[in-house]
Protein chains: 4
Amino acid sequence: MSAQRSAQPAPGKSAPDSTRRSEKSRRAIYDAALALVVEVGYPKTTIEGIAARAGVGKQTIYRWWSSKADVLMEAFLDLAERSQQEASAEPVSYTFPDTGDIAADLKTVLRATVDELRDPRFEAPSRALAAEGVVNEQLGRELVAKLLQPSLDLYMDRLRAAQAAGQVREGLDLRIALEFFISPLAQRWLQHTGPISHEYTDTLVDYALHGLAPR
Amino acid sequence: MSAQRSAQPAPGKSAPDSTRRSEKSRRAIYDAALALVVEVGYPKTTIEGIAARAGVGKQTIYRWWSSKADVLMEAFLDLAERSQQEASAEPVSYTFPDTGDIAADLKTVLRATVDELRDPRFEAPSRALAAEGVVNEQLGRELVAKLLQPSLDLYMDRLRAAQAAGQVREGLDLRIALEFFISPLAQRWLQHTGPISHEYTDTLVDYALHGLAPR
Amino acid sequence: MSAQRSAQPAPGKSAPDSTRRSEKSRRAIYDAALALVVEVGYPKTTIEGIAARAGVGKQTIYRWWSSKADVLMEAFLDLAERSQQEASAEPVSYTFPDTGDIAADLKTVLRATVDELRDPRFEAPSRALAAEGVVNEQLGRELVAKLLQPSLDLYMDRLRAAQAAGQVREGLDLRIALEFFISPLAQRWLQHTGPISHEYTDTLVDYALHGLAPR
Amino acid sequence: MSAQRSAQPAPGKSAPDSTRRSEKSRRAIYDAALALVVEVGYPKTTIEGIAARAGVGKQTIYRWWSSKADVLMEAFLDLAERSQQEASAEPVSYTFPDTGDIAADLKTVLRATVDELRDPRFEAPSRALAAEGVVNEQLGRELVAKLLQPSLDLYMDRLRAAQAAGQVREGLDLRIALEFFISPLAQRWLQHTGPISHEYTDTLVDYALHGLAPR
DNA sequence: CCGTAAGCGAGACGGTACGTCTTGTCTTGTG
DNA sequence: CACAAGACAAGACGTACCGTCTCGCTTACGG
């Protein structure tokens, strides 16, 4: 992904030949990066440390990625992909449950999200990336596009179905409606403004749907 | 503020005597820190740089603050205080408008918030601190307590008044209700998930109040 | 001594009033300086360390001395004076033995010198001062004048007496003759070019007197 | 030389690979160190200053040397080697003149030594190293072994030849005899106890040989 | 005998250098 | 030619001292 960026002409520097890239090194770097972020935290995770732990030369990292955040982002995307493939038969894309009961479906998904946000394997790198994205707009947008947007699209689809089924008022901007479910949880998690739990997301769904329901 | 922290026993290191602290240096450090964050960004803002720009020895920074984030947080709190005092007759505390129309009042305040989030003087340090808070829970909580909570309390008061006036349904958890106004804006700003504008926050208020209104 | 230097007009800075000087502080500073040089070595002996150990403000040191070497020099002179007063009835000045046998007398004195050079109470500060004097000519000359010269004068007197008694050839430059006894020992001690012992100095005396004896 | 020291196991820190060492940096560091010692004096010569002047990172100094004194010692040894190679056809070792007249030969060599001690290119670093050696026994012994001993050996050889030729008494300890020529000059130079000149060393030779001559 | 001006302990201050750590580039061999 | 290894220039880190500068507090003197 970053390799795509690097594959751009990159004036003056001839781009590396990605066909000869060592898959073993890539894996080792991902693993080292994620492990270090979990163990010592993002700020103390250094490129040198990743290289040493991965048994890789520093140049191998600089050749393929442009920054520590870039490494971590790819490592995390890879982690997310792999753990999805574990969890589901379908290779790449999540599916959003559709039992016909929009409230129940949203609660199910949000409960799963809460669990994920609390899983320490995910929490450390997610926070690190989120923090980086707050300050670095380019990386932030990339994160949103690659990590967040796919999920949001599934929500949107489900909400559209609910709207078609008359469970959500006509004419609503679903992008904004969606935020009533997502953003409060996001903010509590990002800014430590409150505890997150299944009860909390359930309440969120109830309150928000109340406002979205047809009159 | 940091002085209060430093006033804790601080085992092994005798705490500095805050009565002899140089006010001039403190001011110069605040100004330098804020200016540098705006000019070169948070990661490239260094303690050495702040010291040099403030015309101050590094030790004077390390004596009174524990980290770059700590310096910036106090500098920002100080900035916030000063710009409030400029803006209002009342010395320290904001007031939340209460025209009797909860929708209008919320829109007013949120529009002001949008303006503030876009003011470059505020944006750079706020983002830096927010990012730091995402990753560093202790600092995150401190930020929330000192910067966010006072504002949230004013929202809560206003919502309670609206509830008393019958504009908001009885029995609602206002802390959660509040998040419908605050969190979507916060997330859009923090994560660059969407544009923020007066129109957006107006819509937010309309949608959210719809769900909170009495049946 | 340094007070005498400081008592010079010192343009711009009014000289401190030495009549009001705290004797207790001076003593404490001497003791601290000597103890630290013995314990941690000269380079790691700092003015701050001396002040802290002496329970004295830094300014009290800077008021009366111009440098670490200056403090140590006075402290050492004081030590030398005190240990002389212990050792002899006569208050200040050494005496050089005169048994009529120049060889025996020189051997006696040089043996005592060897013992002193090996006394750890003296060795650390002496080396420190000597080293400083190698590099800092002004201090070096001061050291020679105050510490070395008085002893050398006694040697000269004794050699003159020996010359009068016909034990040393007429017409010799005694200042140079003297160096045959003193310098080899000095060099061995200063530069670690060889071991120093009573046997060594005895041999030195024998060899040297051989060259100085009348033909 | 330091590389040899560094080649010791050096527990915990893997030793740097001296085959990849930058010769250019080494030269630049030597030059900078010597120049700074001459220009600003040893105490004001800092590692940072050397690095800056040599256009070298500080780490490059710390990688190969353990202290300022260590750098200077190697720089000085290198200087000494280079200026010997300039002066003589024979690559490394000095030669001591042997005209058959021991007095004349000693005077020649000592006059040359006096000239060297007064050459400002040599004086500043020599004094700095000598001073360091007074206080730091390990470094002192290293200095003696590497700088002084080779010269002393040549003296010894010459004295042995003189002894064989009947110009010096049998049975004398030549190591001690040697000191009559060397040490007085050394002390005058080190401790500023007297002026040094060709006349002085000539006298020294005359007086000392007098005592060493056969009866 | 009382104020006032020193010396004093304390320690904050603007600085400089320390020795360490990391960055991103470059170089040297190996596979 | 990608790679592991790691030397290199650069520069920030947090610490230790430097020498100067207030602070209050004795402490002795001089009006």
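Chain A is the first sequence line, chain B the second, and so forth, proteins listed ahead of strands; every chain is numbered from 1.
The residue among C:Ala51 and D:Thr19 whose nearest nucleotide of DNA chain E is located toward the 5' end is C:Ala51. Along DNA chain F, the nucleotide nearest to D:Glu23 and the one nearest to A:Gly57 differ in position, and the one closer to the 5' end is contacted by A:Gly57. The residue among A:Glu48 and C:Lys44 whose nearest nucleotide of DNA chain F is located toward the 5' end is A:Glu48.
Contact check, D:Trp64 against F:dC8: a side-chain N or O comes under 4.0 Å of OP1 or OP2. Contact check, A:Ser22 against F:dA2: no side-chain N or O comes under 4.0 Å of OP1 or OP2. Contact check, C:Arg20 against F:dT27: no side-chain N or O comes under 4.0 Å of OP1 or OP2. Distances shorter than 4.0 Å separate some side-chain N or O of C:Thr60 from OP1 or OP2 on E:dG9.
In this structure, the CG atom of B:Asp17 is 11 Å from the C1' atom of F:dG24, given to the nearest Å. As rounded to whole Å, 13 Å separates atom C1' of E:dT25 from atom CD1 of A:Ile47. Nucleotide E:dA17 holds its C1' atom 14 Å from the OH atom of D:Tyr42, rounded to whole Å. Whole-Å rounding puts the C:Ile61 CD1 to F:dC17 C1' distance at 13 Å. Regarding A:Trp65, its CH2 atom lies at a distance of 13 Å from the C1' atom of F:dA2, rounded to whole Å. Between the OH atom of B:Tyr62 and the C1' atom of F:dA12 there is a distance of 8 Å, rounded to whole Å. If you take CZ of C:Arg63 and C1' of E:dG9, they are 10 Å apart, rounded to a whole angstrom. If you take CZ of C:Arg21 and P of E:dG9, they are 11 Å apart, rounded to a whole angstrom.
C:Thr45 places a side-chain N or O within donor-acceptor distance of the main-chain N or O of C:Gly41, the cut-off being under 3.5 Å. A donor-acceptor pair under 3.5 Å is formed between the side chain of B:Lys68 and the backbone N or O of B:Tyr42.
D:Ser25 comes within 4.0 angstrom of sugar-phosphate atoms only, judged by non-hydrogen atoms across all strands, and of no base. A:Gly55 comes within 4.0 angstrom of sugar-phosphate atoms only, judged by non-hydrogen atoms across all strands, and of no base.
Below the 3.5 angstrom threshold, one finds no donor paired with an acceptor across the side chain of D:Lys58 and the base of F:dG11. Not a single donor-acceptor contact under 3.5 angstrom links the side-chain atoms of B:Gln59 to the base of E:dC13.
Of all nucleotides listed (E:dC18, E:dT22, F:dG19), E:dT22 comes nearest to the side chain of A:Thr46.
Between D:Ile50 atom CD1 and D:Lys58 atom NZ the span is 12.0 Å, to the nearest 0.5 Å. Expressed to the nearest 0.5 Å, how far CD1 of D:Ile29 lies from CG of D:Asp78 amounts to 12.0 Å. Atom OH of residue B:Tyr30 and atom OG of residue B:Ser25 lie 11.5 Å apart, to the nearest 0.5 angstrom.
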